[in-house]
Amino acid sequence: MRQLDKNYDPKSFEGKIYESWEKDDDFKVTRDPAKTPYCIVMPPPNITGQLHMGHALDMTFQDVLTRWRRLQGYEALWLPGTDHASIATEVKVAEDLMETEGKTKDEIGREEFLKRAWKWKEIYGGKITEQVRKLGNSCDWSRERFTMDEGCNKAVIEFFVKLYEKGLIYKGNRIINWCPVCGTSLSDIEVQHEDLPGKYWYFRYPGADGGEGITVATSRPETMFGDTAVAVSTGDERYKDLIGKNVVIPLMGKEIPVIEDEYPDPEKGTGAVKITPAHDMNDYEVGERHGLDMPVCIGFDGKMTDIAGEYAGMDRYECREAWVKALEEGGFLVKIEDVVIPTGKCYRCDTAIEPMVSDQWFVSMKPLAKPAIEAVYSGDLKFVPQRFEKVYLKWLEEIRDWCISRQLWWGHRIPAYYCDECGETIIAAEAPEKCPKCGTAHPRQDEDVLDTWFSSALWPFSTLGWPDDTEDMKYFYPTSVLVTGYDIIFFWVARMVFSAYEATGRSPFEYVFVHGIVRDELGRKMSKSLGNGIDPLDVIDAYGADALRFFLLNGSAAGNDMRFITRSVEATRNFANKLWNASRFVIMNLGEGEELKRAEAASSSAEALKGLALESEDKWILYTAEGIIREVTENLEKFEFSVASQKIYEFIRDEYCDWYIEFVKGRLYGDDEGTKEAARATLLKVLADILRLLHPFMPFITEEIWSYLDKPNKLIVDAWPQASGLTDGFAGDAERIESLKEVIRAVRNIRAEAGTVPSKKIPLIVTADLGGDAAAHIRSLAGVSDVAWLPAGAGVPEDAASAIVKDISVYVPMSELVDYEAEREKLTKEKENLENNISRLKSKLGNEGFTAKAPAEVVKGEEEKLAASEAALEKVLARIDAIEDK
RNA sequence: GGGCGCAUAGCUCAGCUGGUUAGAGCACAUGCCUUACAAGCAUGGGGUCACAGGUUCGAGUCCUGUUGUGCCCACCA
C-alpha cells in the first residue's frame with residue numbers, strides 16, 4: 001500500500017488535488033431531477049485587484065456549505081463570478097493609464113478607454129479566479145459569470161426598461177451627492193458620514209429696509225451665494241416681524257425673503273437658517289416647499305460658479321476663507337463657534353461630497369421596498385444571526401429614492417435615447433433607428449452608466465438565466481443561502497431582495513448568513529492606507545489553504561468580527577499535521593493486499609464491523625464518533641461553523657489520536673489476528689468518517705489522505721457520514737472507557753507530582769474492576785507494572801499516593817516516593833472539595849422547587865453525582881485516618 | 001439624536017433554546033527525542049464570566065440599570 005510521506009507539506013498536493021477535481025468535473029452540476037437542488041451564488045469579487053482576507057472568509061463559509069450539501073447528496077451548485085465594479089475599476093484603469101501612458105481618460109476618449117477597461121478585466125478577472133481556486137473553493141467554473149457579460153447586460157437593460165414602464169424609474173433634476181474628484185453622482189449609501197471638527201460662523205443678514213435684519217449660523221459660508229431665503233420656525237415669536245420681509249445677503253447685496261417653515265429648530269443656533277436649495281439636502285426640501293429658485297454656486301469641479309462674482313473659479317474651500325475674511329471686514333461676522341460637523345465623504349476617494357442639484361435617473365423605492373420588508377415578516381427571508389433583520393428592515397423602511405445614474409464610462413450604459421430634434425426620450429432595450437415621434441435618425445444615447453449595484457442587485461437570478469425562463473432558473477431558483485459580510489447589507493442584500501421580488505416575484509434566497517470582517521492582529525480594519533492587510537495567498541504559501549480555512553472558520557461567532565492571528569493559523573496547521581501523521585500511522589498499519597481488503601470490507605458496513613472481535617475501546621470510539629457526526633450535522637444546519645469545527649478538532653486530536661490510537665497500539669503490534677483485525681477495521685472506519693466530516697472544512701488534506709485509502713471514488717463525491725445504528729448497545733463500553741481514561745490520567749498525575757522517572761514502573765491498586773483490557777491499557781499508558789483490582793472497602797495500603805476519579809479510588813503504593821505531609825494536604829483538599837460538593841448537591845436535592853420543577857433526568861443525574869461523591873468522601877476519610885496514624 | 005454589538009484565564013476567543021465543579025488555542029511551569037507526529041507527548045497552575053439589581057428551584061446564559069468599548073444609521077444652520 002502507498003504510504004504517506006513523513007512530512008505534511010500542503011504545497012506538494014493542494015494544487016494537484018484542485019486540478020483533479022476540476023478535471024473530473026466534480027464541481028459541475030447537472031440538474032439531476034432525482035436530487036434536491038442546493039444553490040449558492042457567490043458574491044462576485046471586484047475585478048479591481050486582489051482577493052483579500054474578507055473574501056477568503058466569505059468564500060470559505062460558502063465552500064463548507066457547498067461541499068457539505070454535495071456530500072449529503074444534494075445537487076449543490078456554487079456559482080462563481082466577478083463584478084465590473086464600475087466606479088472602482090474606472091478609477092484604477094484611469095490611474096493605470098496615467099502611470100503607463102501619461103494620459104487622462106478624456107484624452108483617449110470613451111471608446112479607447114473602454115478597450116483598456118476590458119483588457120484590465122481580462123487580466124485581473126483571471127487573477128482573481130486563480131486566487132479563488134487556491135483557496136480550494138468548489139464552485140462550478142463552467143457557469144462563471146461577469147456582471148457585464150452578455151446575459152447580465154441583457155438582464156440589466158430588461159430590468160431597467162421594465163421598471164421604467166411601470167413608472168418606477170424616472171429622470172429628474174434633483175439634489176444628489178456629488179463627488180468632485182470622481183466626477184460623478186453617488187447614491188446615499190455611497191456617502192460615508194464622518195464627524196469632523198468645524199465651525200459655525202454667525203453672520204448678520206441686514207434687513208432690506210435698512211433694519212437690523214437677522215443673524216444666521218452656517219458651517220458653509222461659501223454657499224451663501226446660493227441662498228434664496230432665510231427660514232425661521234413656524235410661529236417663532238422672535239422673528240415674527242421679519243417674516244415676509246426681505247433681508248440682504250451681506251456684501252453680495254441680493255435680497256432674499258424670510259420665510260416660515262417647520263424645518264428650523266428654534267433651539268438651534270439663532271433659530272434662523274439660511275436656505276441654499278442647490279447645495280443642501282434639507283434646504284432643497286425647504287426650497288421645494290416654498291417654490292424657491294435653486295441657484296448653483298459650486299460647480300461639478302468643486303469650484304465657485306459665476307454667481308460668486310469675484311470668487312468665481314476659486315476652489316470652494318479657498319473661497320470660504322476669503323469670503324469669511326471679507327464678511328468680517330465688512331462687519332457682518334457676529335461670532336464663531338467651534339463645533340463638530342458631520343460630513344459626507346465619498347466612499348471611494350474620501351473627498352468631501354457636495355450636495356448638488358442635477359439631472360439624474362432615480363428608482364422609486366417605496367413601492368419596491370414593500371415586498372422586501374414583508375419577506376422578513378413572512379419568514380420567506382431569514383437572517384443568521386437574526387439581529388441583522390433589524391438593520392435591514394430599518395434601512396428599507398426609511399429608504400429614499402435611489403440615484404442610479406453615474407457620470408462614468410465603465411458600466412451598463414443607460415438605455416435612454418434622446419431625440420435632439422423634438423426632445424423625445426425613448427427607453428428601449430435596443431437602440432432605436434429613429435425617433436418614433438419625429439422620425440429623426442439615431443437618437444442620441446444617454447452618456448451615463450448605471451450604479452454598479454444596479455447589476456449586482458440582479459446577480460442571484462441574472463446568473464441563472466433571467467429574464468429567460470431557463471432550466472437553471474426552474475431548478476435552482478430561488479437559491480438556498482446568501483453568504484456575505486454585514487458591511488454590504490444595504491449596498492447589496494436589500495437591493496437583491498427588492499429587485500428579485502420585482503423581477504421574479506420571490507425572495508432570491510431563503511437564508512442570509514452574515515459574517516463580520518477580518519481585522520488585523522491589533523483589531524484594526526485591514527486597509528491599503530494602513531498597509532496592514534494580509535494576503536491570503538501568502539498565508540496559504542506558508543501554512544496551506546486548509547490551515548487558513550480552518551482558522552477562519554474556527555475564529556469567531558456568526559456576525560462578529562475576528563482578528564487575524566498568525567499564531568492561530570500556525571496552530572491549525574499543526575492540527576493538520578497531527579491528522580496527517582495519525583493517518584500515516586493508520587495507513588502504515590492497515591497492511592497490504594488481502595489484509596487491507598479485509599479491513600476495508602469490515603469497516604464499510606455496520607454489520608461487518610459488528611462481526612469482528614471488537615474491544616471496549618473500539619466500541620467507545622465508534623460510539624463517540626457517531627455522537628460527533630450527529631452534533632456536527634446539527635451545527636452545520638444552524639450555520640454554527642465555529643462550533644462544528646471545534647468539535648471535529650477535539651474529536652480528532654483528543655479522542656482519536658491521544659486515546660484511541662494509543663489504546664490499540666498494543667493490539668496492532670501483537671500477534672492476535674482477531675483483535676488486530678478489529679482494531680484495523682475500527683481505525684479505518686473512524687478515519688474515513690473523520691475525513692468525511694472534516695472535508696468541507698479542510699478539503700485538500702482530507703482528499704489527499706483519502707487517496708491513500710484505495711477507495712473507488714474521490715472524497716469530494718463520497719457521502720456525509722450518518723449514524724448507522726452500529727453503536728446501539730455500546731454505551732456501557734463507552735462509559736467504561738471514559739472511566740479508564742480518568743484512571744490513567746490520575747495515575748499519570750500521581751507520577752508527575754511525585755516526580756517518578758518515566759522509566760520506573762510502579763504497581764497500582766484500583767478499587768473497581770474495569771474489565772477487559774483495562775489493566776493492559778493502564779500498564780502501557782501510565783507506566784504501571786502491576787494492576788490489582790480491589791473490591792470497595794478492602795484494606796487500603798497506607799504508604800500509597802491516591803486519587804479519586806468518579807467513584808473509583810486509585811492507589812499507587814510507592815513508599816519511597818510518597819511525601820506523607822503532601823499526601824495529607826492533598827487529601828484534605830480533596831475532602832473539602834467533596835464536602836462542598838456534597839452539601840451543594842444535598843441542598844439542591846433537598847429543595848422541593850428543584851425536584852418538582854427540574855426535568856427528571858436532571859434530578860436523577862444530580863442524585864447519582866451525590867452518591868458518587870459520598871462514596872468518594874468515605875474513601876478519602878479512610879485514607880486520612882490511615883495517614884494520621886503514621 | 002436613533003439603533004446594534006462587545007465586556008469570560010496573561011493574550012485571542014468559544015460557550016446553541018438557562019441545568020455538572022465555565023472551555024479551547026497561544027503563553028506559562030514541570031517532566032519526556034515513548035518506532036504516527038518535537039509542527040510532538042504527558043502533567044499542572046491560572047477566571048468572584050465588567051458592575052448593581054431582578055426573574056427563576058437554578059443565571060456566563062433571560063430582564064432592567066450603570067460603566068467602559070466598538071460599529072452602523074441620521075436632514076450636517
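Sequence lines set the chain letters: A, B, ... in the order given, protein chains first and strands last, and positions in each chain run from 1. Everything numeric in this text was worked out from a predicted model, so none of it was measured.
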Q: Using atom CD1 of A:I399 as one end and atom P of B:C73 as the other, report the distance to the nearest whole Å.
A: 13 Å
Q: Please work out if A:A854 contacts a base, only the sugar-phosphate, or nothing of the nucleic acid, heavy-atom cut-off 4.0 Å.
A: base
Q) Shortest non-hydrogen contact from A:G516 to A:Y486? A) CA-CE2, 3.4 Å
Q. Between atom CD1 in A:I489 and atom P in B:C72, what is the gap in whole Å?
A. 12 Å
Q. If we take the C1' atom in both B:G18 and B:G58, what is their distance in whole Å?
A. 8 Å
Q) For A:L552 and B:A14, what is the distance between atoms CG and C1' respectively, to the nearest whole Å? A) 16 Å
(Q) How many whole angstroms separate atom CE of A:M562 from atom P of B:G25? (A) 17 Å
Q: Name all residues meeting the side chain to side chain donor-acceptor pair (under 3.5 Å) criterion together with A:K831; count only those two or more places apart in sequence or in a different chain, and write none if there are none.
A: none
Q. If you measure from the P atom in B:A39 to the same atom in B:C28, how many Å do you get, rounded?
A. 15 Å
Q. Below 4.0 angstrom, N of the basic side chain to O of the carboxylate: do A:K345 and A:E194 qualify?
A. yes
Q. When rounded to the nearest Å, what value does the distance between P atoms of B:C4 and B:C62 take?
A. 15 Å
Q: Please identify each residue that fulfils ring pair (Phe, Tyr, Trp, His ring centres under 6.0 Å) with A:Y8, with sequence neighbours left out.
A: A:W580
Q.
So that I can tick it off, tell me whether A:K860 and A:E857 are bridged by a salt bridge, with the cut-off set at under 4.0 angstrom between side-chain N and carboxylate O.
A. no
Q | Cation-pi check, A:R220 onto A:W201 ring (under 6.0 Å, within 45° of axis) | A | no
**Q.** Whole-Å P distance, B:G40 and B:G53
**A.** 46 Å
Q) Once you round it to whole Å, what is the distance between C1' of B:U20 and NZ of A:K842? A) 18 Å
Q. Looking at A:K842 and A:E870, does any basic side-chain N land under 4.0 Å from a carboxylate oxygen?
A. yes
(Q) Applying a 4.0 Å non-hydrogen cut-off, can you work out what A:Y202 is touching in the nucleic acid: base, sugar-phosphate, or nothing? (A) nothing
Q) Say you draw a straight line from NE2 of A:H279 to CG of A:D227; how long is it, rounded to the nearest 0.5 Å? A) 10.0 Å
Q | Presence of salt bridge, A:E738 and A:K741, under 4.0 angstrom | A | yes
Q. 5'-most contact on RNA chain B: A:N554 or A:Y263, nearest heavy atom basis?
A. A:N554
Q) Is NZ or CZ of A:R573 both nearer than 6.0 Å to the six-membered ring centre of A:Y543 and within 45° of the ring axis? A) no
Q: Using the C1' atom as the reference point in each nucleotide, state the distance between B:G23 and B:U8 in Å, no decimals.
A: 10 Å
(Q) Is it the case that the ring center of A:Y347 lies less than 6.0 angstrom away from the ring center of A:F491? (A) yes
(Q) In terms of relative ring orientation, are A:F551 and A:F564 parallel, tilted or perpendicular, with 30° and 60° separating the classes? (A) perpendicular
Q. Are any of A:Y669's side-chain N or O atoms less than 4.0 Å away from OP1 or OP2 of B:A36?
A. yes
Q. Is A:K865 touching bases, backbone alone, or none of the nucleic acid, heavy atoms closer than 4.0 Å?
A. base
(Q) One thing to verify: whether A:E863 and A:K865 come together as a salt bridge, which I'm taking to mean a side-chain N less than 4.0 angstrom from a carboxylate O. (A) no
Q: Could you check how far CE of A:M588 sits from P of B:U35, rounded to whole Å?
A: 12 Å
(Q) Can you measure A:F490 atom CZ to B:C71 atom C1' for me and round it to whole angstrom units? (A) 11 Å
Q.
Suppose you measure atom P in B:U55 against the same atom in B:G70; what distance do you get, rounded to whole Å?
A. 35 Å
(Q) Heavy-atom nearest nucleotide on RNA chain B for A:K199 versus A:T851: which residue maps closer to 5'? (A) A:T851
(Q) Rounding to an integer number of Å, can you tell me how far A:I661 CD1 sits from B:A36 C1'? (A) 7 Å
Q.
By the 4.0 Å heavy-atom rule, please label A:S568 as base, sugar-phosphate, or nothing.
A. nothing
Q | Whole-angstrom distance between B:G60 and B:U48, as gauged at atom C1' | A | 12 Å
**Q.** A:E650 bridged to A:R653 by N-O distance under 4.0 Å
**A.** no
(Q) Side chains of A:T223 and A:K274: any donor to acceptor distance under 3.5 Å? (A) yes
Q. Looking at A:F641 versus A:F513, is the centre-to-centre ring distance below 6.0 Å?
A. yes
Q.
How would you summarise protein contacts on nucleotides 37-46 of chain B per nucleotide, using B for base, S for sugar-phosphate only and - for none, with heavy-atom distances below 4.0 Å?
A. B-BSSSSS--
Q. A:R751 side chain N/O closer than 4.0 Å to the phosphate oxygens (OP1, OP2) of B:G31?
A. no
Distances for protein N/O vs nucleotides 2-9 of chain B N/O pairs under 3.5 angstrom?
unit_1 : atom_1 : unit_2 : atom_2 : d
B:C4   : OP1    : A:K390 : NZ     : 2.5

Q | C1' gap between B:A14 and B:A22, integer Å | A | 11 Å
Q | Range-with-range stems of RNA chain B (Watson-Crick or G-U pairs under 3.5 Å, three or more in a row) | A | B:1-7 with B:67-73, B:10-13 with B:23-26, B:28-32 with B:40-44, B:50-54 with B:62-66
Q. What are the residues of residues 514-526 of chain A, sorted by number, that bring a heavy atom to within less than 4.0 Å of RNA chain B?
A. none
